[in-house]
Amino acid sequence: MAGVTAPGVIAPVRRRNRKIGRRSPSLKILQREQTTVIVDDRVLTEAFVPSEVVHRHEEISRLSEAVEPLLSGGRADPAFLFGPTGVGKTCIARYTLDQLAERRPSIRVAYVNCWQEYTRFRVLYSLLEAVDQAYDVHRSTAQDELYGRLRSADEAPIVVILDEVDQLEESEVLYDVHRLPHVSVVLVANREEELFARFDDRVRSRFRAGTRVTLDRYGVDELVAILAERVRQGLEPESVTDEQLRQIADAAAGDARVAIGILRSAATRAQGRGDDRLTDSLLEDAIPDARNAIRQKTIENLPTHQRTLYDVIDEHGEIEPSDLYEAYEDRADEPKTRRTVRNYLTKMAHYDLVEATGENRGRTYRIVESTIVDTR
DNA sequence: AATCCACCGGAATCGATGGCCT
DNA sequence: AGGCCATCGATTCCGGTGGATT
């Protein structure tokens, strides 16, 4: 399954990211007066793009090669990044293209997360934003108008990162993008087969060529190195031991996002208690905590009706559609229709929050339990 | 075996929303 | 201000599926 990212969480990323590197003065002053673990909390967020990417040199250079033609004013073939969650796909895509844009500032980089921007309109809009042509676009602007504007804005080469492309609901937009001669794409997804299965033939044949970079899960040592780098940039050096980093890396099962999440959670707790270092018991608490954090976030951000459905299913453990609807109907004020509820349920299944077993009559819904098992 | 029925999900449509144009 | 138009979530309608019932 794709990296589960809560809807609406990614949106502010680009803006937040720009600020990274400058520490807010208020933060410093605040922390000097008390014991402290965290020096720069932005380093521990998912959006952070490290200035040096650890252990992905080969992958980065392959991606750089793929986008190389842009430096000489040409257009790059599509590039693909595949791999499971938390292996640094998004990170190296951004990193590599940032570097590219540094070498040739006329290149515009657009980042589109297809969990949020899953329609043709929104993708085109994001592209226009990248070339500062989105100023007077509104919801009623015709899509052809957007497309035409992109077409005529061809003095600046654009590279677009389409993150989680497999979430794109209108994959035809890839065809549109492909027809724009000055736009190059980097597609990020979990698995190649599943991605291509979603494409229609036109798109599939256009994207057959191109560079594929596949990322594997990190080993424990690699994760330790990544964590150590974050500690160096974001925490007090003495606050965490190597042994503890190893423990975190172990628990994260190859997923850097989880590893950093554990570190963040433990550090925040330590800081909250006024300690100046992480204790082992704190770490033990933080591990299951961070494992569920991403998921928890999605649940909390669920719109009320979907949240109600989630709660009902959660309380029953396993429930049949009709009972589910009845319970939901009781609990919600102004309940939605059955059809709408069905839409909600498919959406929630899509997010891996609930799962349906059985067909037709025998169908039941249940909560998807966290897939990561407790190692203790 | 025929019929019923709970359920799924596609397609068309509605209505609220919000900017544009005259 | 008033008409226009596109988007979007919700709803209505409906055909298909397959286990349950008669």
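Only heavy atoms go into these numbers, but all of them, side chains included; no hydrogens, no water, no symmetry mates.
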Atom pairs and distances, side-chain donor-acceptor, residues 317-324 of chain A, under 3.5 Å, sequence neighbours left out:
residue, atom, partner, partner atom, Å
A:E318, OE1, A:R366, NH2, 3.1
A:E318, OE2, A:T364, OG1, 2.9
A:E318, OE2, A:R366, NH2, 2.9

According to a strict under-4.0 Å criterion, is [X] in side-chain N/O contact with OP1 or OP2 of [N]?
X: A:S322; N: B:dA6; result: no
X: A:T337; N: C:dA10; result: no
X: A:Y344; N: C:dG9; result: no
X: A:R363; N: B:dA6; result: no
X: A:Y365; N: B:dC8; result: yes

Checklist outcome for this item: A:Y325 atom OH is separated from B:dG9 atom P, nearest whole Å, by 17 Å
Checklist entry - Is it true that A:D311 and A:R307 make a salt bridge, defined as a side-chain N closer than 4.0 Å to a carboxylate O? => result yes
I want to check a possible cation-pi pair here: [X] against [Y], using under 6.0 Å from ring centre and within 45° of the ring axis as the test.
X: A:R212; Y: A:F82; result: no
X: A:R204; Y: A:F196; result: no
X: A:R339; Y: A:Y344; result: no

Checklist entry - Can you say whether the rings of A:Y328 and A:Y325 are parallel (under 30°), tilted (30 to 60°) or perpendicular (over 60°)? => result tilted
Item to check | side chain to side chain contact (heavy atoms under 4.5 Å, CB included) partner of A:M348, the single match among A:I299, A:N343, A:V354 | outcome: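 Among the candidates, only A:V354 passes.
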Can you check nucleotides 11-15 of chain B for protein contacts, nitrogen or oxygen pairs under 3.5 Å, and list what you find?
none

Checklist entry - What one-letter contact string describes nucleotides 16-22 of chain C from 5' to 3', where B marks a base within less than 4.0 Å of any protein heavy atom, S marks contact via sugar-phosphate atoms alone, and - marks no contact? => result -BBBS--
Checklist entry - So with a 6.0 Å cut-off around CD of A:E238, is the heavy-atom count from everything else above 12? => result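 Counting other residues, nucleotides and ligands, CD of A:E238 stays at 12 neighbours or fewer.
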